[in-house]
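Atoms within a ligand are numbered from 1 in the order they appear, just like the ligands themselves. Remember, predicted model here, so these are calculated numbers, not experimental data. Scope of the values below: all heavy atoms of this structure, side chains included, with no hydrogens, waters or symmetry mates. FYI, the numbering just counts along the sequence from 1.
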Amino acid sequence: MSASASSSPKPKYRPETRLVQSGILRSQFGETSEALFLTQGYVYDSSAQAEARFKGEDPGYQYSRFANPTVSMFEQRMAELEGAEAARATATGMAAVTLALMGQVRAGDHVVASSAVFGSCLYVVEDYLPRYGVTSTIVDGFDLDAWRAAMRPNTKTCFLESPTNPTLEVLDIAEIAKIAHAAGATLVVDNVFSTPLWQSPLELGADCVVYSTTKHIDGQGRCLGGVVLGSEKFINDHIHTFIRQTGPSMSPFNAWVMLKGLETLSVRVHAQTDTAAAVAVALAEHPKVTRLIYPGRPDHPQADVVAKQMRGGSTLVAFEVAGGKKGAFAFQDALKIVRISNNLGDAKSLITHPATTTHQRVKPEQRAALGITDGMVRLSCGLEHPDDLIEDLLNALKAV
Ligand SMILES: Cc1ncc(COP(=O)(O)O)c(C=O)c1O
């Protein structure tokens, strides 16, 4: 028996309840809080039990690279939150993305990915997969005809991120899933920017969802982590053995931190989204802000797609400051509360200038095509009082 998450016919509690109650494995001590099973291995009552466990005939744990009770609790909670049959936790978000893609392909296969994905994900698709004989096509993710045209008989999977980093544009997941399926391929969605609360890609037709749990799920800047979610079949066919044999497993300590993060995820994401929406209102008409993108505003470039596939906006706001790079740097350097950092989803508000940090290696013409201008900054709103944050932002704009 796999000790990891699997589907169970439980009542469908609301997300807030699942975030606190799902997946608990209480020990014989009846602890209230999830126990941290900081153990590499497990002992057996007898040689016969060890033999049976290795044969898969005795339920239980063997080794924490395969499964661990604290990690299982995290996987089960994530699966129930996402509405997935199964989940596997990984050491980082990049491990989750790499597993989700590499687990599905063989030499001779083909992958299609949206150009607007996190830089390291693009690296995996464009640089690593071809080393193992897997070709790839990068498309403008907003152009459905480009997805259709990119499909080949050997296309095994499609990959996208929505909302995109850093411009917070939104791709039509349901339509892209239909195109992938019509070609016999699967769709993997990186759902980091929306969090499980605001968007459910599996319900929209995706076959697999991945998260960097480093972001909102930890939410307090402590541990790296990732998770891959899908049907029992998807996880068993593509992920289960790959993770056991190659070893990018999540540490029990990090899983424990993530479990505690999940307990407050809804409270934090609601508050941070409200703050981001208030920031968007305060900055949208500011004379030194030349462009602002926030999912949920009527002027969002894909407002119709946001309305049909998202339940909430975003904890992030992307905006362009007048004066290009010089203006953006002057603005960032004048901030007192918001700190300059490339991370996101944290309790502390963080800002980054993508053109010189996260997207520095992207060619200028490619950056321009993605709308990442020299004046653009990406703000991740934290849990500070929104009025203090807005005051900080408005004061810093005076330096532009
Ligand atoms: C959208 C997205 N996907 C994947 C990752 C990778 O996650 P990690 O840093 O946990 O490996 C990140 C962040 O770095 C991200 O922003």
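Aromatic pair His353/Phe329: centroids less than 6.0 angstrom apart. A distance below 6.0 Å separates the ring centres of Tyr128 and Tyr123.
A salt bridge links Glu34 with Lys260: the distance from a Lys NZ or Arg NE/NH1/NH2 to an Asp or Glu carboxylate oxygen falls below 4.0 Å.
The side chain to side chain contact (heavy atoms under 4.5 Å, CB included) check on Asp145 picks up Asp143, Arg148, with sequence neighbours excluded.
Within 6.0 Å of CZ in Arg311 there are more than 12 heavy atoms belonging to other residues, nucleotides or ligands.
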Practice prompt. Quick one: do Asp374 and Lys325 satisfy salt bridge (charged side-chain N to carboxylate O under 4.0 Å, His left out)? Show the steps, please.
Written response: CA-CA 5 Å; Asp374 286 349; Lys325 177 182 168 185; over 6 Å; no
Show me a pair-per-line table, with atom names and distances to 0.1 Å, of protein N or O atoms that are under 3.5 Å from an N or O of ligand 1.
residue, atom, partner, partner atom, Å
ligand 1, 3 (N), Asp190, OD2, 2.7
ligand 1, 7 (O), Ser212, OG, 3.1
ligand 1, 10 (O), Gly93, N, 2.9
ligand 1, 10 (O), Ser212, OG, 2.8
ligand 1, 10 (O), Thr214, OG1, 2.6
ligand 1, 11 (O), Gly93, N, 3.1
ligand 1, 11 (O), Met94, N, 2.8
ligand 1, 14 (O), Lys215, NZ, 2.9

